[in-house]
Amino acid sequence: VGSEMCIRDSVHLVIFLQRFQKKLRAAVCIGMRPVSSQKKYILRIWQVASVLLLAVSSVSIYLLLEKDDFSSDLIECHIPTAEIHELTLPDGTSVMLNSKSTLFYPESFNGKTRSVYLIGEGYFKVMPDKEHPFIVKGSDFQVTALGTEFNVNTYSENDEVYTTLVSGSVKVEYDNLISSVILKPNQQLSYNKLTKKSRLQQSQVDDVIAWQRGELVFSDAHLEDIFTRLEHKYPYTFVYSFHSLNNNTY
C-alpha cells in the first residue's frame, strides 16, 4: 500500500509540475516585464523556475494543499523582480505580494480550511470566517488565522522565515509543525530552517511592512542580508566576496 501511495503521489506531482511549467512560460498572473534581449528573458524565466522547483522538490505544494479536499485547480501568482502586486483571493482575503514572491491558491476554497502556499513575502488581510481558518503554508512551517493582518517572509534562499502580527491573533507552527506559538500584535517570530531554533521578539511593524511603501529599512543587518534584500527590490545582481565581509551590522 505504501508503494502504491508513493506512485500515486508522484503522478500527482508530475501533473502539477507540468501544469506549472506551462503556466510559467505564459507568465501567469502578472507577466514578465519585457526586456531588450531574448536571452535575458529566457534566463530570467529559468531563474524563477529553478527557485520554485527547488522549493517544490523539498515539499510538495500539491500534496500539502490536497489535504484540504478541494477539487479546483491551483493558481500560481508570481511577482517579477522589482515589482509588488495586490490581489484578492476567492474568499475576499487581500494579499500584497513582494518582489520575487509566488503564491499558490485554489480557484475556490471548498475544504474545512482556506489554505495557500507562499514562497517569498506577503502581507495578508484575512477575511473573517471562524468555520474555515485561513492557513499560510511554507517550508517546515504554517501560520493559521481567523481574521487578522500579518506579514510572512519565507524566501527560499533565506535560512530564516519570519511572521509578524499587525492585528488580531495568529498561531505559528514550525519545526515539522511540532512546535507552535500564538502571536500578539507587534510580535515577530523568526525560525531558522537549518538550526530549528526560533526567536520571539517585539518588532517595529512600520519597518517590517516598509516594502509596501517602496522602502527598505535595515536595523542591525549584516551586509549579506542587505545585498539579498536589494536583489529582491532591484533587477540587479550584487557580486561580492564572502571573505571580504566582516561581521558588522548596519
Side-chain angles (χ1 to χ4, degrees), residues 44 47-48 50-52 54-55 58 78-86 95-103 117-125 136-143 148-167 170 172-175 179 181-250:
R44 180 174 295 182
Q47 286 174 338
V48 171
S50 63
V51 172
L52 296 180
L54 178 62
S58 62
H78 175 71
I79 311 303
T81 302
E83 295 184 23
I84 61 175
H85 182 72
E86 185 174 9
V95 186
M96 180 74 76
L97 292 175
N98 203 354
S99 169
K100 297 176 68 175
S101 299
T102 301
L103 184 71
Y117 193 96
L118 175 68
I119 302 171
E121 185 169 22
Y123 183 85
F124 296 82
K125 293 183 180 180
V136 179
K137 297 175 180 285
S139 177
D140 200 14
F141 89 102
Q142 68 179 30
V143 181
T148 184
E149 295 185 27
F150 58 97
N151 193 86
V152 179
N153 186 320
T154 173
Y155 283 104
S156 57
E157 64 266 36
N158 294 345
D159 294 337
E160 288 193 293
V161 297
Y162 302 88
T163 300
T164 307
L165 182 63
V166 177
S167 65
V170 297
V172 184
E173 299 172 85
Y174 54 95
D175 192 10
S179 300
V181 62
I182 296 178
L183 298 186
K184 298 177 181 179
N186 299 322
Q187 284 188 330
Q188 181 184 79
L189 179 77
S190 60
Y191 168 63
N192 191 299
K193 295 178 288 186
L194 298 181
T195 64
K196 306 297 183 182
K197 293 182 178 180
S198 63
R199 183 175 71 256
L200 182 64
Q201 61 186 7
Q202 292 296 120
S203 67
Q204 297 293 331
V205 173
D206 285 343
D207 293 349
V208 173
I209 64 176
W211 60 270
Q212 297 184 55
R213 306 189 300 268
E215 301 174 358
L216 291 178
V217 179
F218 300 102
S219 178
D220 268 342
H222 293 91
L223 282 176
E224 183 180 354
D225 297 328
I226 293 175
F227 291 149
T228 298
R229 291 183 61 188
L230 288 173
E231 288 180 339
H232 290 163
K233 184 171 177 59
Y234 301 104
Y236 299 100
T237 298
F238 289 78
V239 180
Y240 55 91
S241 169
F242 284 100
H243 299 292
S244 65
L245 300 182
N246 54 40
N247 204 35
N248 295 339
T249 58
Y250 301 87

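For this chain, numbers begin at 1 and follow the sequence in order.
Counting only distance, with no hydrogens or angles, the side chain of Ser99 and the backbone of His232 share a donor-acceptor pair below 3.5 Å. At least one donor-acceptor pair under 3.5 Å links the side chain of Ser101 to the backbone N or O of Glu121. Judged by distance alone, the side chain of Arg199 and the main-chain N or O of Asn192 form no donor-acceptor pair under 3.5 Å. Of the possible donor and acceptor atoms, none in the side chain of Lys125 sits under 3.5 Å from a partner among the backbone N and O of Met96. No donor-acceptor pair under 3.5 Å is formed between the side chain of Asn158 and the backbone N or O of Glu160.
Atom-to-atom distance recorded for Asn98:CG and Lys233:NZ is 8.0 Å, nearest 0.5 angstrom. Atom CG of residue Asp225 and atom CG of residue Asp159 lie 9.0 Å apart, to the nearest 0.5 angstrom. The OG atom of Ser139 sits 11.5 Å away from atom CG of Leu118, with the distance rounded to the nearest 0.5 Å. One distance of note links CG of Leu97 with CD of Glu86; it measures 9.5 Å at 0.5 Å rounding. Between the CD atom in Glu173 and the NZ atom in Lys137 there is a gap of 8.5 Å [rounded to 0.5 Å]. The structure places CG of Leu165 at 8.0 Å from CG of Asn186, a figure rounded to the nearest 0.5 Å.
By the 4.5 Å heavy-atom criterion applied to side chains, Val172 and Tyr191 are not counted as neighbours. The shortest distance between side-chain heavy atoms of Leu183 and Leu200 falls below 4.5 Å. Between Tyr250 and His222 the shortest side-chain heavy-atom distance does not fall below 4.5 Å. Within the 4.5 Å cutoff, side-chain heavy atoms of Tyr174 are placed close to those of Leu189.
Nearest heavy-atom pair across Tyr236 and Glu231 is O-CG, 3.5 Å.
Residues satisfying the side chain to side chain contact (heavy atoms under 4.5 Å, CB included) test with Gln188, not counting sequence neighbours, are Tyr162, Thr164, Gln201, Ser203, Val208.
Using bins of under 30°, 30° to 60° and over 60° for the plane-to-plane angle, the ring pair Tyr240/Phe227 lands in the tilted bin. Between Phe124 and Phe150, the two ring planes are parallel [angle under 30°; tilted spans 30° to 60°].
No more than 12 heavy atoms of other residues, nucleotides or ligands sit less than 6.0 Å from atom NZ of Lys184. Within a 6.0 Å sphere centred on CD of Gln204, other residues, nucleotides and ligands contribute 12 heavy atoms or fewer. Atom CZ of Phe238 has more than 12 neighbouring heavy atoms from other residues, nucleotides or ligands inside a 6.0 Å radius.
The side chain to side chain contact (heavy atoms under 4.5 Å, CB included) with Leu216 is formed by just one residue from the set Asp207, Ile226, Leu230; it is Leu230.
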